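Structure, as structure tokens:
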Amino acid sequence: MDGRLDGTERKQKSVVIQEGWPGYNLELFNYPEHYHGDIENVYIPHGVIMDRIESIARDILEDLGQHTLMVLCVLKGGYKFCADLVDSIKAQSRSTNCPLTVRVEFIRLKSYLNDRSTEDLHITGPDDLSVLRGKNVLIVEAIVGTGKTMMSLLKHVVTFQPKTIKVAGLLVKQGPNGAAMLPDYVGFVIPNHFVVGYALDYNEYFRDLDHICVISEKGKLKYKV
């Protein structure tokens with residue numbers, strides 16, 4: 001992938017949330033009543049997410065604004081981020097009088113059981129992604145942890161011979177040794193907490209939260225499989 005920035009430069013283009021950040025009191029926000037007691041706090045409010053997405057869309061346009069863009073959305077957790085990012089890219093491209101043609105394909109990754117990442121990665125989606133050949137591809141993922149899952153996906157996408165590949169990650173988790181790879185576009189760098197909401201789930205629950213929140217121990221037990 002060309003144009004990848006190193007970790008120091010990339011952090012300058014992301015919002016870094018330090019360990020110890022307590023989040024916001026739940027009483028300050030509206031959220032579904034059925035999750036009462038299941039989340040600890042609002043970690044990143046919806047409005048802050050949307051503002052950050054506008055900035056990421058601007059950066060993408062600066063890099064790829066004159067080309068057709070093939071967006072590969074990683075489901076299920078990335079669907080809201082992808083939809084809002086694509087909408088912002090298209091809106092901003094129209095304002096420049098150079099509308100960007102955007103096409104979207106979908107792929108699904110599964111590597112979590114409860115709140116633990118497993119070694120087994122399952123990739124499901126179109127059997128034939130030859131539509132990516134020769135195109136500028138933007139992979140859109142909601143959250144990047146160790147980066148191993150993303151590296152596996154990149155190896156898969158490379159086999160279809162795209163012209164370039166960029167990765168947009170809304171969240172990157174800080175780890176003891178850092179992520180194995182950093183996306184080209186990063187929304188927020190966060191401590192290693194299990195977060196839900198804005199389409200991020202815990203066993204398929206919490207996707208309907210607008211805000212990104214930290215799940216409580218009660219919530220983990222309640223929805224454990």
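Just so you know, residue 1 is the first one in the sequence shown, and it goes up from there. Atoms considered below: every heavy atom in the structure, side chains included; atoms not considered: hydrogens, waters and symmetry mates. Since this is a predicted model, take the numbers as computed values, not measurements.
- S216 places no side-chain N or O within donor-acceptor distance of the main-chain N or O of E40, the cut-off being under 3.5 Å.
- Looking only at atom types and distance, the side chain of S55 has a donor-acceptor partner in the side chain of R58 under 3.5 Å away.
- Within 6.0 Å of the OH atom in Y205, the count of heavy atoms belonging to other residues, nucleotides or ligands does not exceed 12.
- The two atoms that bring F29 and N25 nearest to each other are CD1-O, 3.6 Å, heavy atoms only.
- We find the NZ-CD1 distance between K222 and I215 to be 10.0 Å, quoted to the nearest 0.5 Å.
- When atom types are taken as modelled, the side chain of H211 and the backbone of I44 share no donor-acceptor pair closer than 3.5 angstrom.
- Taking the six-membered ring where the residue is Trp, the centroids of Y198 and F81 are separated by 6.0 Å or more.
- No donor-acceptor pair under 3.5 Å is formed between the side chain of R103 and the backbone N or O of T68.
- Listed for the N41 side chain is no donor-acceptor partner under 3.5 Å among the backbone atoms of L26.
- Using modelled atom types, one side-chain atom of K173 and one backbone atom of H193 make a donor-acceptor pair closer than 3.5 Å.
- Between the side chain of R52 and the main chain of G187, a donor-acceptor pair closer than 3.5 Å is present.
- Checking D208 against H34 by side-chain atom types alone, a donor-acceptor pair falls below 3.5 Å.
- Contact check for P191 versus Y43: side-chain heavy atoms found under the 4.5 Å cut-off.
- Contact check on K76 versus D201 returns no salt bridge, with no Lys/Arg side-chain nitrogen under 4.0 Å from an Asp/Glu carboxylate oxygen.
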Check against side chain to side chain contact (heavy atoms under 4.5 Å, CB included), E105 and L72: CA-CA 5 Å; E105 293 286 343; L72 187 60; 3.9 Å; yes
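- Of the possible polar contacts, none joining the S88 side chain to the L85 backbone as a donor-acceptor pair under 3.5 Å is found.
- Residue L28 is grouped with residue M50 when hydrophobic side chains (ILVMFWY) are merged at heavy-atom distances under 4.5 angstrom, including chains of intermediate members.
- With hydrogens and angles ignored, the 3.5 Å screen pairs no side-chain donor or acceptor of E141 with any backbone N or O of V167.
- The distance from atom CG of L64 to atom CG of L138, rounded to the nearest 0.5 Å, is 7.5 Å.
- The main-chain N or O of I60 is never found under 3.5 Å from a side-chain atom of Y185 such that the two would form a donor-acceptor pair.
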Begin from the C-alpha positions of V172 and L182 and carry the test side chain to side chain contact (heavy atoms under 4.5 Å, CB included) through to its verdict. CA-CA 8 Å; V172 171; L182 285 174; 3.8 Å; yes
Quick one: do L154 and I139 satisfy side chain to side chain contact (heavy atoms under 4.5 Å, CB included)? Show the steps, please. CA-CA 9 Å; L154 286 170; I139 298 175; 3.7 Å; yes
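- Side chain to side chain, Y223 and D38 meet the donor-acceptor criterion of an N or O pair below 3.5 Å.
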